[in-house]
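Beneath this line is the structure, given in structure tokens, with notes to follow.
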Amino acid sequence: MNISIVTVGKLKEKYLKQGIAEYTKRLGPYAKIEVIEVPDEKAPENLSEVEMEQVKQAEGNRILSKISPDAHVIALAIQGNMKTSEKLAKDLDQLATYGKSKVAFVIGGSLGLSEDVMTRANDTLSFSKMTFPHQLMRLVLVEQIYRAFKINRGEPYHK
């Protein structure tokens with residue numbers, strides 16, 4: 001399976017980079033994983049609703065340009081579907097079974113995802129109703145993808 005994580009912004013924190021590198025390495029035997037960063041839109045603190053939509057649209061266009069037309073897209077969003085690790089594992093297993101070998105997870109910027117990206121998404125995923133830094137979500141997502149492959153293979157992994 002080819003998994004891409006398309007995300008807005010550069011990852012700067014060393015500890016997050018190290019964690020993502022560790023899980024990416026662990027995923028090696030199971031899947032090809034690629035993190036694709038698109039630039040975030042520079043914007044002042046106090047934006048109007050219109051300006052916020054313009055920022056999301058610009059970031060959304062960058063995201064969409066990195067997604068393969070044949071990819072199954074899963075958008076991370078607070079209002080998305082909450083799943084257990086086992087359900088995510090089952091979903092990934094079913095995608096592979098039915099020939100969807102390209103899966104793209106999408107993590108938006110600080111304002112979220114544009115309507116165009118949400119429309120393109122085949123599924124949505126929420127890890128919590130809480131707001132998390134999108135950089136931290138990369139690490140959480142990569143760990144959950146790794147966990148899903150371990151579950152699907154019946155291999156032990158700490159709980």
Side-chain angles (χ1 to χ4, degrees), residues 1-11 16-17 19-41 43 49 52-153:
M1 183 171 268
N2 292 301
I3 297 173
S4 58
I5 299 173
V6 183
T7 181
V8 174
K10 280 250 181 257
L11 191 61
L16 291 174
K17 286 181 179 179
I20 291 167
E22 175 63 27
Y23 284 108
T24 300
K25 182 178 85 178
R26 290 183 188 188
L27 273 163
Y30 306 109
K32 181 179 177 286
I33 188 157
E34 175 185 26
V35 177
I36 302 166
E37 295 177 335
V38 299
D40 53 350
E41 191 70 10
E49 286 292 320
M52 280 193 247
E53 286 305 313
Q54 290 170 338
V55 167
K56 288 197 299 189
Q57 191 64 46
E59 291 174 348
N61 291 342
R62 291 182 194 128
I63 289 168
L64 292 171
S65 75
K66 301 296 182 184
I67 296 174
S68 169
D70 58 342
H72 182 88
V73 177
I74 302 171
L76 273 66
I78 289 175
Q79 69 276 19
N81 299 311
M82 295 187 87
K83 299 178 183 189
T84 63
S85 296
E86 292 78 12
K87 174 70 170 120
L88 178 62
K90 183 179 178 189
D91 290 353
L92 290 177
D93 192 47
Q94 286 186 328
L95 287 170
T97 300
Y98 294 105
K100 289 285 186 182
S101 62
K102 290 182 184 175
V103 177
F105 289 90
V106 178
I107 302 172
S110 58
L111 297 176
L113 293 167
S114 72
E115 197 56 45
D116 289 346
V117 173
M118 295 303 289
T119 300
R120 171 63 179 89
N122 301 96
D123 195 5
T124 59
L125 179 62
S126 174
F127 284 98
S128 172
K129 295 295 180 197
M130 291 186 245
T131 302
F132 292 99
H134 53 277
Q135 297 91 341
L136 179 60
M137 285 316 301
R138 288 191 212 185
L139 176 57
V140 173
L141 176 61
V142 173
E143 187 279 335
Q144 285 297 304
I145 294 168
Y146 173 68
R147 184 179 295 273
F149 279 97
K150 295 295 270 185
I151 290 168
N152 285 338
R153 295 267 165 49

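We use all heavy atoms of the structure for the numbers below, so side chains are in, but hydrogens, waters and symmetry mates are not. In this text the structure is predicted, and so the values were computed from the model without any measurement.
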Side-chain touch [X]/[Y], heavy atoms, less than 4.5 angstrom:
X	Y	answer
Arg120	Ile63	no
Ile145	Phe105	yes
Gln144	Leu125	no
Tyr30	Lys150	yes
Val117	Leu64	yes
Val140	Phe132	no

Fill in: SB check Glu59 Lys56 (cutoff 4.0 Å)
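Salt bridge: no.
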
Quick check on [X]: does its [atom1] atom have over 12 non-hydrogen neighbours (other residues, nucleotides or ligands) under 6.0 Å away?
X	atom1	value
Gln94	CD	yes
Lys87	NZ	yes
Lys129	NZ	yes

Worksheet item: With sequence neighbours left out, which residue pairs that include part of residues 105-119 fulfil the salt bridge (charged side-chain N to carboxylate O under 4.0 Å, His left out) condition?
Response: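 Matches after skipping sequence neighbours: none remain.
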
Fill in: Qualifying salt bridge (charged side-chain N to carboxylate O under 4.0 Å, His left out) pairs, either residue in residues 60-79, two or more places apart
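Checked against salt bridge (charged side-chain N to carboxylate O under 4.0 Å, His left out) - neighbours excluded - the pairs reaching residues 60-79 are Glu41-Arg62, Asp70-Lys102.
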
What closest approach, in Å, do [X] and [Y] show between heavy atoms, and which atom pair accounts for it?
X	Y	value
Ala75	Met118	CB-SD, 3.9 Å
Lys100	Val103	O-CG2, 4.2 Å
Ala31	Ile3	CB-CD1, 4.2 Å

Item to complete: Please list, chain by chain and in numerical order, all residues satisfying side-chain hydrogen bond (donor to acceptor under 3.5 Å, both in side chains) with Thr7, sequence neighbours excluded.
Response: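 Listed in chain order: Arg138.
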
Item to complete: Run the numbers on His134 and Leu76 for side-chain contact (heavy atoms from CB on, under 4.5 Å), then give the verdict.
Response: CA-CA 10 Å; His134 53 277; Leu76 273 66; over 6 Å; no

Practice prompt. Take Glu86 and Lys90 through the salt bridge (charged side-chain N to carboxylate O under 4.0 Å, His left out) test and state the conclusion after the steps.
Written response: CA-CA 6 Å; Glu86 292 78 12; Lys90 183 179 178 189; over 6 Å; no

Worksheet item: Would you call the rings of Tyr23 and Tyr146 parallel, tilted or perpendicular if under 30° counts as parallel and over 60° as perpendicular?
Response: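 The rings of Tyr23 and Tyr146 sit tilted, inter-plane angle from 30° to 60°.
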
[X] side, atom [atom1]; [Y] side, atom [atom2] - distance, nearest 0.5 Å:
X	Y	atom1	atom2	answer
Leu16	Leu136	CG	CG	6.0 Å
Arg26	Glu143	CZ	CD	8.5 Å
Arg147	Leu88	CZ	CG	11.0 Å
Asn152	Leu92	CG	CG	7.0 Å
Ile78	Ser128	CD1	OG	8.0 Å
Leu113	Thr124	CG	OG1	10.5 Å

Worksheet item: Taking Ser126 for the side chain and Met82 for the main chain, is one N or O donor matched with an acceptor at less than 3.5 Å?
Response: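 A pair under 3.5 Å: no.
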
